[in-house]
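The next block holds one structure in the form of C-alpha cells; read it before the comments.
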Amino acid sequence: MEDITKSDVLQIIGKNIKRIRLLRGLSQETLANDLDKSVNLVSLVERGESGLSIPTLIDICRVLKVDANSIFEGVIAPPVAIDDDFITKSLSLFNNADKAIVTDLITYISNSKI
C-alpha cells in the first residue's frame, strides 16, 4: 500500500463504516443508539473527522456484524498468502486420485496435531 496520511486513514475508515451501516439498513441514529454514543460522533467518524478508540471500534464491528478487516479495508493490505495460493493452484492441476492422496495426507497431519 502506498503511504497514506492520518486524515486519509480516518476518511477510509469512515467511508467503510458508512457503507457497511447502509448495507445493514441502519440509520446513524440506530447505530449511535446501539453503540451508546451520540449521533454527532457517528457522523464525525463517517466523515473522517474523528478517530475511534479501540473499544468503540470493537463495538462497531459487533453492532455491524463484521470483522475489523472490513473496517480497515483500503488502509491495511491483507497478508499475502503465497503458500495458500500455491497449494490451491496445485490442487486444481491434480486428478481425482491425486486429490484423494492429498486429502488423506492433510487428514493424517491434522490428526497428528490433536
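Remember, it's a predicted structure, so these values are computed and weren't measured experimentally.
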Checklist entry - Do Val45 and Leu57 belong to the same hydrophobic cluster, where Ile, Leu, Val, Met, Phe, Trp and Tyr are linked whenever their side-chain heavy atoms lie under 4.5 Å apart, directly or via other members? => result yes
Exercise. Same cluster for Leu91 and Ile106 if Ile/Leu/Val/Met/Phe/Trp/Tyr side chains link at under 4.5 Å?
Worked result: yes
Might you confirm whether atom CG of Leu23 has over 12 heavy atoms from other residues, nucleotides or ligands at distances under 6.0 Å?
yes
Practice item. Kindly indicate, with the supporting measurements, whether the criterion side-chain contact (heavy atoms from CB on, under 4.5 Å) is fulfilled by Thr30 and Val63. Key: CA-CA 10 Å; Thr30 301; Val63 169; over 6 Å; no
Are Leu10 and Ile71 linked, directly or through intermediate hydrophobic residues, by side-chain heavy-atom contacts shorter than 4.5 Å (ILVMFWY only)? no
Here the gap from Lys65 atom NZ to Ile20 atom CD1, rounded to the nearest 0.5 Å, amounts to 13.0 Å
Looking only at atom types and distance, does a side-chain atom of Asn16 sit under 3.5 Å from a main-chain N or O of Ile13, one as donor and one as acceptor? no
Checklist entry - Linking I/L/V/M/F/W/Y whenever any side-chain heavy atoms sit under 4.5 Å apart, do Val9 and Ile58 land together? => result no
task: Return yes if a side-chain donor-acceptor contact under 3.5 Å exists between Ser43 and Asn40, otherwise no.
output: no
Taken to the nearest 0.5 Å, the spacing of Gln11 CD from Arg47 CZ works out to 10.0 Å
Tested for salt bridge (charged side-chain N to carboxylate O under 4.0 Å, His left out) against Glu46, the lone hit among Arg19, Lys18, Arg21 is Arg21
CG of Leu22 to CD of Gln28, rounded to nearest 0.5 Å, is 8.5 Å
Smallest heavy-atom separation, Val102 atom then Phe94 atom, equals CG2-CE1, 3.6 Å
Kindly indicate, with the supporting measurements, whether the criterion side-chain contact (heavy atoms from CB on, under 4.5 Å) is fulfilled by Val66 and Ile60.
CA-CA 8 Å; Val66 296; Ile60 288 172; over 6 Å; no
dist Lys37:NZ -> Asp59:CG (nearest 0.5 Å) comes out at 7.0 Å
key: Linked, directly or transitively: Ile76 and Leu52 (ILVMFWY side chains, under 4.5 Å)   = yes
CD1 of Ile17 to CD1 of Ile12, rounded to nearest 0.5 Å, is 12.0 Å
Taken to the nearest 0.5 Å, the spacing of Leu31 CG from Glu29 CD works out to 10.0 Å
Using a 6.0 Å cut-off, check whether atom CG of Asp104 has over 12 heavy atoms from anything other than its own residue. yes
Closest non-hydrogen atoms of Ser50 and Leu41, given as atom of the first, atom of the second and distance, are OG-CD1, 3.9 Å
